[in-house]
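Here the structure comes first, spelled out in structure tokens, and everything after it is commentary.
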Protein chains: 2
Amino acid sequence: MGMGRPRAFDADAALDRAMDVFWRHGYEGATIAQLTEAMSINPPSLYAAFGSKEGLLKAALDRYTEKRDAWMDKVLNAATAHEVAERFLMEHADAQTDPANPPGCLLVQGGLACGTGSANVPFELAARRTRTEDQLRERFLRAKAEHDLGESVDPATLARYLSAVTSGMCVMASSGANRETLREIAAVSLKAFEEQTKG
Amino acid sequence: MGMGRPRAFDADAALDRAMDVFWRHGYEGATIAQLTEAMSINPPSLYAAFGSKEGLLKAALDRYTEKRDAWMDKVLNAATAHEVAERFLMEHADAQTDPANPPGCLLVQGGLACGTGSANVPFELAARRTRTEDQLRERFLRAKAEHDLGESVDPATLARYLSAVTSGMCVMASSGANRETLREIAAVSLKAFEEQTKG
DNA sequence: AGATATCTGTAGTGTTTACTACAAATGTGG
DNA sequence: CCACATTTGTAGTAAACACTACAGATATCT
């Protein structure tokens, strides 16, 4: 028995195109027509490969997470907690204003509030944001064990603070804030981090 | 000549209901059917009073801004820049987790990215967010003139930082962060503010 | 080569969307 | 009480939406 006609498009390349559309217009604002055009495929190919619009989003998010993990590894591998925070903030400022991508971050631009038919999309995005926060907390926990951070420091608070600041930078980037502006915010935030780790 | 049949609903009360729907589902996620049901009116009444879905959003935003201005007055009337920052952050933590409203802030939940047919909605929301930032900057400029803030302090940076943090708190509130968590973030942010105003 | 399994492109499907025509209702001014 | 101006409820409309039936194309395996 045969194995069927092979797929004529590269799924990962197509996902990169879809990612861009979701990023720019949000989940609900992105239409199947826009997605298929960007991916250079027809609707049946999209549905055969990803099942549904939401399935496509999840696949795109998986790919996004893949890239983000590689990026986070470099951040988390910094020697000290302070340097982790600095890299995290500054790399975010740069990434969110990278002209190669739409402004901001897909995990925020994708949609914070959706219609009743897409109610779980915001949850899906929130879960992926939480992942980043978890990674930071784990790293700061390790820093505490290594006596890089003091006993009185709460890793969860630090992680949440950094997560909140970068989410806020997302919002500002989406409304046109430039790289310098975001770096400025990152620099001020880093001072709070320093102050928090002293106490 | 007569003045026509009078309107049978209270426009401001109806706008409060519409605000809630936009807040909970975003601009694109909110349907006319949901809006008319929440407002307890029929579509023709909605369109006669507000022109279009986008017109309704703007009217709801005007009402939101009205309430927000009253709230900001109390914040801006604090004696010192430090107290302004403290009130701004803490009041935001409370407001964004007020059970009387959907979580987060309408100006962020409304929609950061929209479809091509609603492309100016994100701009409309961004403009209103900028207004708050402008108010803060003006207040810090005054603080500088009053020697409450030092010569080397940049009011624009301070305002942008606070704006970024509260936007980030919005994102976290929308994904379920509770009041204590937001207050914690506010407290850490306030330290950055203090540190920034010392330098 | 033949049978089989999957993909591709065309051309749709039913549903939901924002929005509205129209006639009845209800007020004001003369 | 009557002409007029505006609102209200019913019942839609055209367009856009996510999604798919189907037939032809293209590969693999025996």
Side-chain angles (χ1 to χ4, degrees), chain A residues 1-15 17-18 21-22 24-61 110-111 113-121 124, chain B residues 1-15 17-19 21-22 24-61 110-111 113-122 124:
Chain A
M1 43 187 159
M3 280 175 63
R5 177 173 176 175
R7 181 176 287 159
F9 64 95
D10 177 35
D12 281 340
L15 281 177
R17 305 300 198 83
V21 177
F22 282 132
R24 187 162 273 118
H25 298 294
Y27 175 74
E28 292 192 306
T31 68
I32 297 292
Q34 285 176 320
L35 290 163
T36 52
E37 178 168 356
M39 299 164 85
S40 300
I41 60 175
N42 293 311
S45 297
L46 190 159
Y47 284 90
F50 306 108
S52 65
K53 186 183 176 185
E54 201 169 322
L56 174 61
L57 175 73
K58 286 183 184 170
L61 288 176
C114 280
T116 45
S118 323
N120 48 331
V121 167
E124 188 72 30
Chain B
M1 43 185 159
M3 280 174 61
R5 178 174 174 174
R7 182 176 288 160
F9 64 96
D10 177 35
D12 281 340
L15 282 177
R17 304 299 199 84
M19 204 188 292
V21 176
F22 282 132
R24 186 162 274 117
H25 297 295
Y27 175 74
E28 292 192 305
T31 68
I32 297 292
Q34 286 176 320
L35 289 164
T36 51
E37 176 167 357
M39 299 165 85
S40 301
I41 60 175
N42 292 312
S45 297
L46 191 159
Y47 283 90
F50 307 108
S52 65
K53 187 183 174 185
E54 201 170 322
L56 174 62
L57 175 72
K58 286 183 184 170
L61 287 176
C114 280
T116 45
S118 323
N120 48 332
V121 166
E124 188 72 28

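Below, read A as the first sequence line, B as the second, and so on, with proteins coming before strands; counting in each chain starts at 1.
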- Message: Over all strands shown, is B/Pro6 touching base, sugar-phosphate only, or nothing at heavy-atom distances under 4.0 angstrom?
- Response: sugar-phosphate
- Taking CG from A/Leu35 and P from D/dA16, how many angstroms apart are they, rounded to a whole number? 17 Å
- Under 4.0 angstrom between B/Ser45 side-chain N/O and D/dT8 OP1 or OP2: yes
- Atom-pair distance (CD1 on A/Ile32; C1' on D/dC17), nearest Å: 9 Å
- How do A/Tyr27 and A/Pro44 order along DNA chain D: which one's closest nucleotide is nearer the 5' end? A/Tyr27
- Of B/Ile41 and A/Thr31, the one whose closest nucleotide on DNA chain D sits nearer the 5' end is B/Ile41
- Note on the structure: Nearest heavy-atom approach of A/Ser118 to A/Cys114 is O-CB, 3.5 Å
Run the side-chain donor-acceptor check on residues 35-45 of chain A: report pairs under 3.5 Å with partners two or more places apart or on a different chain.
from: A/Thr36; atom 1: OG1; to: A/Ile32; atom 2: O; distance (Å): 2.9
from: A/Thr36; atom 1: OG1; to: A/Ala33; atom 2: O; distance (Å): 3.0

- Query: Per the atom types in the model, does the base of D/dT7 pair as donor or acceptor with the side chain of B/Arg5 at under 3.5 Å?
  - Reply: yes
- Roughly, in whole Å, what's the span from NZ in A/Lys53 to P in C/dT15? 19 Å
- Item | Atom-to-atom span, CE of A/Met3 to C1' of C/dA5 - whole angstrom | 10 Å
- B/Gly29 and B/Gln34 have their tightest heavy-atom pair at O-OE1, 3.5 Å
- A/Phe50 near the nucleic acid: base, sugar-phosphate alone, or nothing, with a heavy-atom cut-off under 4.0 Å? nothing
- Query: How long is the line joining CG of A/Asn42 and P of D/dA18, in whole Å?
  - Reply: 15 Å
- Query: Think B/Tyr47 has a side-chain N or O under 4.0 angstrom from the OP1 or OP2 of C/dT20?
  - Reply: no
- If every non-hydrogen atom of B/Tyr27 is compared with every non-hydrogen atom of B/Leu57, which pair is closest and at what distance? CD1-CD2, 3.7 Å
- Rounded to the nearest angstrom, tell me the gap between atom CD in B/Gln34 and atom C1' in C/dT16. 12 Å
- Message: Quick check for you: among D/dA18, C/dT8, D/dA11, whose closest atom lies nearest to any side-chain atom of B/Pro43?
- Response: D/dA11
